[in-house]
Amino acid sequence: MTKIKSLNDLRKLRDQLQSSIELRENAESPDAVVQVKVGMATSGIASGAREVFNFFAEVLPKREVKAIVTQTGDMGYKYAEPIIMVTLPGKSPVVFGKVDIPKADEIIEKYIKHGELVDGIVPESYKTI
Amino acid sequence: MTKINQHILTCGGTGCRASESKILAARLKEELKNFDLDQNVKVVESGCFGFCEKGPIVKLLPDNTFYTQVKPKDAKEIVEEHVLKGRKISRLLYKDPTTNETIDESKSMGFYKKQIRIATRNCGFIDPENIGEYVARNGYEALGKTVFELKPDDIINTIKASGLRGRGGGGFPTGLKWELTAKSESEKKYVVCNADEGDPGAFMDRSILEGDPHSVLEAMAICGYAIGADEGLIYIRAEYPLAIERLKIAIKQAEEVGLIGDNILGSDFSFNIKLKYGAGAFVCGEETALIHSMEGFRGEPTLKPPFPAERGYFDKPTNVNNVETLANIAAIINKGAEWYSSIGTEKSKGTKVFALAGKINNVGLIEVPMGTTLREVIFDIGGGIKDGKKFKAVQTGGPSGGCLTEEHLDTHIDFDNLLAIGSMMGSGGMIVMDEDDCMVSVAKFYLEFTVEESCGKCAPCRIGNKRLLEILEKISNGKGTRDDLFLLRNMSEVIKDSSLCGLGQTSPNPVLSTLDNFWDEFVEHVDDNKCRAGQCKSMLKYVISEDDCVGCTACFRVCPTGAITGSKKEVHIINQDLCIKCGACMDKCHFESIELIA
């Protein structure tokens with residue numbers, strides 16, 4: 001690293017470096033950020049869940065959305081893979097089915113950013129205990 | 001297109017490293033590579049998570065999965081199952097010791113719920129060998145603000161207003177200490193960081209230095225600016241090799257980017273930091289002894305005044321602060337005195353780090369607000385007593401502190417409350433004892449430590465403590481009398497009043513507090529020749545049960561003193577006068593017919 005010559009440089013450097021630990025910062029307070037869970041069981045991966053997962057992980061920070069993107073096991077809605085569950089801070093989780101990259105983009109722009117619901121919601125068919 | 005979307009934190013503290021956490025981290029990296037995941041998942045070796053009981057710890061983020069006691073061979077399963085398929089590995093998850101439920105999120109662990117982490121804010125979160133992660137956590141911001149926006153007086157006033165008190169044990173107001181050193185006139189002054197942590201069972205300073213060394217360096221520079229010093233020294237014991245290594249890396253990295261050294265951040269303020277090694281003598285934690293040791297003399301204390309703030313290292317004004325005290329400074333400058341003083345009790349502000357040890361379920365490092373009760377610390381955070389045994393006592397404050405009992409459990413921990421009930425805060429060691437611990441032996445243990453560590457300069461400490469120890473040995477050998485108990489108390493008072501430094505003035509505390517709180521147990525020892533915990537060997541009797549003995553002669557053959565008599569197929573008898581209580585017979589008996597009676 002080169003020498004830091006002023007307080008402003010230090011602050012600029014901090015802002016640049018923040019991305020390297022942002023994931024950990026967000027995880028400190030999971031309820032305050034957007035949580036996206038991608039169903040990544042075998043069937044999910046076969047229908048393209050990994051691409052969707054990578055898309056969210058990559059795009060959300062770029063669009064300045066504080067979010068935690070995690071993978072989870074089978075969510076049970078096999079007919080609608082790939083499945084994602086989005087939890088906005090203070091709201092109940094919403095499950096979206098048949099999420100491909102364009103759909104994922106739409107979910108980010110409409111639901112995550114503005115809270116507008118989009119097509120493709122999978123109705124909740126069970127309760128977790 | 002790839003991007004890091006998961007972090008795996010492994011504990012790189014001394015405790016976990018001893019359980020192969022370094023090999024584990026390497027193995028994890030290897031496995032990630034095998035599965036082509038090394039571009040998506042980052043392995044970070046961080047400092048201590050505090051949960052040393054169940055180390056090595058592995059934490060997966062962002063889903064906050066907390067794996068305990070992970071072995072290098074588990075690396076493959078973690079990568080294959082958790083990272084690749086998103087399935088948590090339940091056998092590695094933390095189990096609550098009371099409810100036996102597995103907990104898959106560290107946020108819902110009782111151990112972390114009541115903690116507020118200020119001094120240990122970055123421990124177990126950042127990579128201590130990477131200055132970038134410290135800077136990303138707002139590191140060196142406080143130093144920058146100090147140098148460009150604040151005057152020395154502003155800083156001293158902020159620290160004073162925050163109510164921060166010295167965490168090394170004395171509890172002296174930190175702001176006042178800084179002010180005194182700032183007022184002393186001299187062209188050369190020093191900032192010293194006291195990292196000579198010596199209490200048995202205490203490891204908070206080590207963990208802070210290992211987990212977040214930059215927080216201490218930054219605070220030393222801030223202190224230097226406030227008091228007008230351009231040189232800092234860290235006095236650290238050579239028996240902390242990992243902390244020394246991390247400090248060296250931290251100093252080098254900070255010098256490279258211009259955050260420590262000449263013309264910090266392009267200003268005209270310069271501050272250099274060097275390490276000084278100690279050999280690990282307990283008395284060198286006392287600031288005058290510490291300074292003599294740094295100067296190359298024997299580590300012996302001298303009378304105060306003059307205080308180091310006037311005449312310290314090579315007779316120059318010197319400000320000595322403990323590691324944990326310094327670790328709070330940057331947070332106070334960044335968030336303000338008001339924020340800090342809103343935490344804690346009326347006279348003790350902020351948080352305190354404690355090292356939990358002894359017969360407690362969650363051995364480890366915790367940081368709680370001042371005013372938390374002993375009960376909350378031991379039962380809620382510490383998870384209660386091991387193996388369902390009964391709580392007997394907790395020793396706080398190390399060899400200078402005292403033993404507290406059940407009735408003190410609801411005391412709100414702060415400097416003054418602990419003093420009022422006959423113990424002290426000390427540097428924050430907390431050793432928990434259960435019904436199997438004998439209080440005479442406990443007092444003896446601490447006294448053995450002080451006798452060993454006494455520098456020998458003044459007679460009360462050198463001779464008095466030795467005599468105290470002899471009386472305690474006499475009592476535990478079953479030869480004590482009532483008079484001895486009064487002599488113990490009397491001598492303790494004299495040693496306290498007449499010793500030269502803090503070591504001698506506090507060394508009889510474990511004796512006095514056990515006498516006060518466990519008088520019955522002492523009386524039992526001298527009157528009835530009985531040790532209820534079964535620890536004092538001389539008071540135990542090995543007896544052969546007539547019903548169970550088959551007369552196999554196994555014990556007869558193994559007894560080194562010929563104390564056992566009896567022939568084949570007859571019940572054997574132990575002659576108590578010849579028995580040396582080695583227990584060899586009990587180990588040898590296949591029929592469990594030998595009993596130990598208190």
Side-chain angles (χ1 to χ4, degrees), chain A residues 1-45 49-62 66-75 101, chain B residues 1-7 9 39-40 42 44 46 59-65 81-88 105-107 117 121-122 124-127 130-141 143-149 253-259 261 263-267:
Chain A
M1 264 192 268
T2 49
K3 287 235 176 205
I4 309 169
K5 285 276 192 302
S6 69
L7 184 53
N8 268 340
D9 286 356
L10 177 70
R11 286 176 179 159
K12 261 185 231 154
L13 182 69
R14 176 192 64 203
D15 295 341
Q16 282 167 25
L17 289 168
Q18 220 131 38
S19 65
S20 68
I21 60 158
E22 197 180 14
L23 185 142
R24 272 175 260 164
E25 294 268 11
N26 290 342
E28 279 288 282
S29 44
D31 298 331
V33 298
V34 180
Q35 297 183 54
V36 180
K37 276 190 183 169
V38 183
M40 296 265 270
T42 313
S43 59
I45 294 173
R50 189 168 297 284
E51 287 74 31
V52 176
F53 176 80
N54 287 341
F55 179 76
F56 275 106
E58 166 133 12
V59 165
L60 284 172
K62 274 196 192 151
K66 283 198 170 189
I68 298 177
V69 185
T70 51
Q71 47 178 319
T72 176
D74 196 334
M75 286 202 262
I101 306 279
Chain B
M1 269 199 293
T2 44
K3 193 185 180 304
I4 299 285
N5 50 42
Q6 208 165 41
H7 287 189
L9 294 182
Q39 298 297 314
N40 300 98
K42 184 165 153 188
V44 182
S46 73
K59 196 171 168 187
L60 275 86
L61 295 166
D63 54 3
N64 278 318
T65 309
E81 285 294 305
H82 191 138
V83 179
L84 201 63
K85 299 179 190 159
R87 294 184 201 139
K88 297 194 176 185
E105 261 224 337
S106 60
K107 295 267 168 251
R117 301 184 126 211
R121 59 192 178 278
N122 292 327
F125 191 90
I126 62 166
D127 175 358
N130 181 352
I131 191 173
E133 296 205 345
Y134 181 70
V135 170
R137 286 278 276 181
N138 223 1
Y140 289 104
E141 165 80 14
L143 177 62
K145 259 202 228 168
T146 297
V147 174
F148 291 105
E149 293 166 9
Q253 289 182 346
E255 279 172 350
E256 271 170 17
V257 295
L259 288 164
N263 301 89
I264 289 173
L265 288 171
S267 71

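The model shown is predicted, which means the values in this text are computed figures rather than measured ones. The chains referred to below are lettered A, B, ... by the order of the sequence lines, with proteins before strands, and numbering in each begins at 1. All heavy atoms count here, side chains included; hydrogens, waters and symmetry mates do not.
Residues B:Asn40 and A:Asn54 are in side-chain contact: their nearest non-hydrogen atoms beyond the backbone lie under 4.5 Å apart. Considering only heavy atoms from C-beta on, B:Asn138 comes within 4.5 Å of A:Arg14 through its side chain. Side-chain contact between A:Gln71 and B:Arg87 is absent, with no heavy atoms from C-beta onward closer than 4.5 Å. Side-chain contact between A:Arg24 and B:Leu61 is present, with at least one heavy-atom pair separated by less than 4.5 Å.
Looking at A:Phe55, neither its backbone nor its side chain comes within 4.5 Å of chain B, counting heavy atoms on both sides. Interface remark: B:Tyr140 contributes backbone and side-chain atoms alike to the contact with chain A (heavy atom separation under 4.5 Å). With a 4.5 angstrom heavy-atom cutoff, B:Tyr134 does not touch chain A via any of its atoms. Residue contact with chain A, scored on non-hydrogen atoms closer than 4.5 Å, is absent for B:Asn263. With a threshold of 4.5 angstrom between heavy atoms, B:Leu259 approaches chain A through side-chain atoms but not through N, CA, C or O. Residue contact with chain A, scored on non-hydrogen atoms closer than 4.5 Å, is absent for B:Val147. Neither the backbone nor the side chain of B:Gln253 comes within contact range of chain A, judged by heavy atoms closer than 4.5 Å.
How far CD of B:Glu141 is from CG of A:Leu7: 6.0 Å, rounded to the nearest 0.5 Å. Interatomic distance, A:Leu10 CG to B:Lys145 NZ, rounded to the nearest 0.5 Å: 12.0 Å. Atom OG of A:Ser20 sits about 7.0 Å away from atom CG of B:Asn130, to the nearest 0.5 Å. Annotation: the span from B:Leu265 atom CG to A:Asn8 atom CG amounts to 10.5 Å, rounded to 0.5 Å.
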Quiz prompt | Chi angles and distances behind the side chain to side chain contact (heavy atoms under 4.5 Å, CB included) call for B:Leu84, A:Arg50 | solution = CA-CA 10 Å; B:Leu84 201 63; A:Arg50 189 168 297 284; 3.6 Å; yes
Exercise. Would you please test A:Glu25 and B:Arg137 for salt bridge (Lys or Arg N to Asp or Glu O under 4.0 Å) and show each step?
Key: CA-CA 9 Å; A:Glu25 294 268 11; B:Arg137 286 278 276 181; 3.2 Å; yes
Quiz item: What's the verdict on side chain to side chain contact (heavy atoms under 4.5 Å, CB included) for A:Ile68 and B:Asp63, showing C-alpha distance, side-chain angles and the deciding distance?
Solution: CA-CA 8 Å; A:Ile68 298 177; B:Asp63 54 3; 5.9 Å; no
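Closest non-hydrogen pair, B:His7 versus A:Leu23, comes out as CG-CD2, 3.7 Å.
For the set B:Gly144, B:Ser267, B:Pro62, B:Gly139, the entry with the most heavy-atom pairs within less than 4.5 Å of chain A is B:Pro62. Ranked by heavy-atom pairs shorter than 4.5 Å toward chain A, the options B:Asn5, B:Ile264, B:Asp127 are led by B:Asn5.
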